[in-house]
Structures are given as structure tokens and as C-alpha cells.
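Here's the structure, in C-alpha cells; my notes come after.
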Amino acid sequence: MSPAPQGSGPLDEGEEAAVRAPTRRHLLAVLLLVPTLALVAAPPSGTAPSPRVTISAGVKVTTDGVRWCSLGPVGHDRADRAVALLAGHCMDRLGDPLFLCADQTQGATACGRAAEPGVIGSYATVSSGFDAEAGEIVDWNIDYSVVALDPAVTALDAVTPNGLVVERIGEWPALGRDIACKDGRRTGKTCGLTLSLDRNVIGTWGAAWFGDSGSPLLVGTGVVAITSTIDPNPAGPFSYVGLAGILEDLEARGGDPVGAGFVPVPPR
């Protein structure tokens, strides 16, 4: 396994002030500050059963209601299972449930579990660079996990909360020329010039912050990466884990891991 990026290390909830130190920290969740009401109401009685909530890349998700991340691209794998990609460091263990945050306000640090629709899926696959015993990513070039979504309670959308449209898996960006944009619930839509490619990590000036982890990075309508780490001194560049390396890691497992052959859901 490749070593973690130089200066990389875990950032526990409540340690956001530590970003003033000149070290690269991964973008873990922020603290639950206030309780909020559930996002989605149950369908009226007498109506036909239907998915209870529409989700897209960039929405705010959590397991415990306290720490939260931003969902990565959503779609289907080779076996036609509904799945979403997410940063690997957002996960504690395989099988953990995933909920929407009750508070989906951009920039807010509050989360809470949305009472409806309840569990939207669970962590089904994680990077080969994840140390299960330690419960952490050790190869930051493939910082990802795969969530198996429950099709009974979710409908998938290709448009992020701030209007980015995910149509396909994109090609590697042209360094020094392509502008890449991400959409996460902490800092919203941010764009910047692509600067570097180090193995499977894309560096850009498109800003990200705590809570943006997992959110998609696009060049045009092609998703090329998910948000991973920050280097807060100076404030950037920001690191994104390439979809190419994620898909290669899934294929290398053999068998039929959840997420293998991932294709984003097409726009409606």
C-alpha cells in the first residue's frame, strides 16, 4: 500500500480549529450543534408506494448524526445495484447504516439524522487501502467507500444541490488548462484550475473544507474525482481522489464487489 500523503493525519470531530496547524488533514465531519426537523415527509395515505426521497451527489449524509460528509456520485454498478461513492475516511466499519442529515443547509455544521426516510443505505465496500483493524485509510490515493443504496426509499438524481450535472465519468483533466468544480454541503460549488496529478490524486485550486469529503469533482459534466483532503497552510491546493483509481481498485478485487462497474445515473 502507498503511504499516506506527507503530513496527513486524522481530524477528530471538534478539532476544526486544528486546521491552523501547517499539516494536511482529512475532511471529517463537523459537530452536531442543533436539532432540526426531518427533511422529507411521509407520502400521504392512500397513495401508491414510491421512493420517499430523491438524492444526488453533494447531499449531506451521516451515520451517527454528529459527523457528516457529502455524498459522492450516485448511479448503478455492473449488477444494476443502486450505489453511491463516498470518501473512505467517512466510514468507520462496513455494514454501518447511512442517513441523510436532517439539516441540509449549506455551510451549517448541524446534522442530525433525518427521521424520513430513515436509513438510505449502508457501507458495502471500502478501499483496499482501508485498515479495518485501525478503522482508517492508510492509502490516500484510493480514499473511497461504496454505499449500497436502498431503492425502496431512494430515487437518484444526476443534478447536485448547486446545479452541477453529472452525466458520465470524465477523462483525466488537462493540467494547467481544465477548470474543475466540486459541490459539497460545507462550501458549496467551488471551482479552480487543475494543477497536479500525483498517482491517483488530483490537485486543484477548487476549495473544499470540513464536511465536503466525498463530494464530486467535475470537469464539464464528467465526474473525475471525489473530495478527499486539504492542505490548510497555505489554503490549498486541495486534493481529490480520481475515479479512475477507484474503479481500478474495485475491479482488482475479483468477484462482484458492490460498486464494480459503476456508472453515474443519467440526467432526467
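These numbers were taken from a predicted model, which means no experiment stands behind them.
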**Q.** Expected output: side-chain D143 to main-chain G88 donor-acceptor under 3.5 Å
**A.** yes
Q. Do the side chains of L217 and T204 get nearer than 4.5 Å, heavy atoms only?
A. yes
Q: Could you tell me whether the side chain of T125 and the main chain of V146 form a donor-acceptor pair under 3.5 Å?
A: no
Q.
Starting from F238, can I reach V224 by hopping between I/L/V/M/F/W/Y residues whose side chains sit under 4.5 Å apart?
A. yes
Q: Quick one: pull up NZ in K60 and SG in C69 and give me the separation to the nearest 0.5 Å.
A: 11.5 Å
Q. If you take all heavy atoms of H89 and I137, which pair is closest and at what distance?
A. N-CG1, 3.8 Å
Q. Quick check: does any side chain N or O of S127 sit under 3.5 Å from a backbone N or O of I142, one acting as donor and the other as acceptor?
A. yes
**Q.** Flag side-chain contact, heavy atom, 4.5 Å: F130 against D139
**A.** no
Q: Mind listing the closest non-hydrogen atom pair of R186 and Q106 along with its distance?
A: O-CG, 4.2 Å
Q.
Check for me, please, whether L149 and Y123 land in the same ILVMFWY cluster - side-chain distances under 4.5 Å, paths through other members count.
A. yes
Q: List the steps and the verdict of side-chain contact (heavy atoms from CB on, under 4.5 Å) for L98 and T63.
A: CA-CA 5 Å; L98 197 69; T63 290; 4.0 Å; yes
Q. Are R67 and D92 close enough for a salt bridge, meaning some N to O gap below 4.0 Å?
A. yes
**Q.** Minimum heavy-atom distance G188-N162, with the two atoms named
**A.** CA-ND2, 3.6 Å
Q. Are L156 and V59 joined in one hydrophobic group, where the rule is that I, L, V, M, F, W and Y side chains link up if heavy atoms are under 4.5 Å apart?
A. yes
Q: May I ask you to decide if M91's main-chain N or O and S145's side chain share a donor-acceptor pair within less than 3.5 Å?
A: no
Q) Short question: side chain of D212, backbone of T187 - any donor-acceptor pair under 3.5 Å? A) yes
Q | 4.5 Å side-chain heavy-atom contact, L243 and V223 | A | yes
Q: Just do the side-chain contact (heavy atoms from CB on, under 4.5 Å) check on R253 and S128 with the steps written out, would you?
A: CA-CA 8 Å; R253 306 294 184 84; S128 63; 3.9 Å; yes
Q: Indicate yes or no for a side-chain donor-acceptor contact from N200 to the backbone of N141 under 3.5 Å, with no hydrogens or angles considered.
A: yes
Q) So do F99 and V61 actually touch side chain to side chain, heavy atoms under 4.5 Å? A) no
Q.
Looking at I246, is its backbone amide N or carbonyl O close enough to the side chain of D249 to form a donor-acceptor pair, meaning the two atoms are under 3.5 Å apart?
A. no
Q. Can L247 and F262 be said to form a side-chain contact (heavy atoms from CB on, under 4.5 Å), step by step?
A. CA-CA 7 Å; L247 297 179; F262 173 79; 3.8 Å; yes
Q) Would you call R78 and E251 a salt bridge, taking side-chain N to carboxylate O under 4.0 Å as the test? A) yes
Q. Taking C-beta and beyond as the side chain, do R185 and Q104 meet within less than 4.5 Å on heavy atoms?
A. yes
**Q.** Passing option when S215 is tested against T227, I226, L86 for side-chain contact (heavy atoms from CB on, under 4.5 Å)
**A.** T227
Q. Distance from L218 atom CG to T160 atom OG1, nearest 0.5 Å?
A. 7.5 Å
**Q.** Shortest non-hydrogen contact from W68 toward C101
**A.** CB-SG, 3.7 Å
(Q) If I compare all heavy atoms of G58 with all of P216, which pair ends up nearest, and what's the gap? (A) N-CD, 4.0 Å
**Q.** 4.5 Å side-chain heavy-atom contact, P117 and T154
**A.** no
Q: Could you check V53 against V153 for side-chain contact (heavy atoms from CB on, under 4.5 Å), going step by step and ending with a plain yes or no?
A: CA-CA 6 Å; V53 66; V153 299; 5.6 Å; no
Q.
Check whether D77 reaches the backbone of G259 with its side chain - one donor and one acceptor, N or O, closer than 3.5 Å.
A. yes
**Q.** L85 with V265, same ILVMFWY side-chain cluster at under 4.5 Å
**A.** no
Q: Mind listing the closest non-hydrogen atom pair of I169 and P264 along with its distance?
A: CG1-CD, 3.8 Å
**Q.** Note, R81 side chain near V258 side chain (heavy atom, < 4.5 Å)
**A.** yes
Q: May I have all residue pairs that pass salt bridge (charged side-chain N to carboxylate O under 4.0 Å, His left out) and include part of residues 152-171, sequence neighbours excluded?
A: none
(Q) When you group the ILVMFWY residues by side-chain heavy-atom contacts below 4.5 Å and let the links chain together, are V219 and I202 in the same group? (A) yes
(Q) Could you tell me if the side chain of T194 sits less than 4.5 Å from the side chain of W172, heavy atoms only? (A) no
Q: Let me know which of V166, L164, V165 forms a side-chain contact (heavy atoms from CB on, under 4.5 Å) with V159.
A: V165
Q) With no hydrogens and no angle check, is any side-chain donor or acceptor of D178 less than 3.5 Å from a backbone partner on A174? A) yes
Q) So, D103 side chain and A108 main chain: donor-acceptor pair closer than 3.5 Å or not? A) no
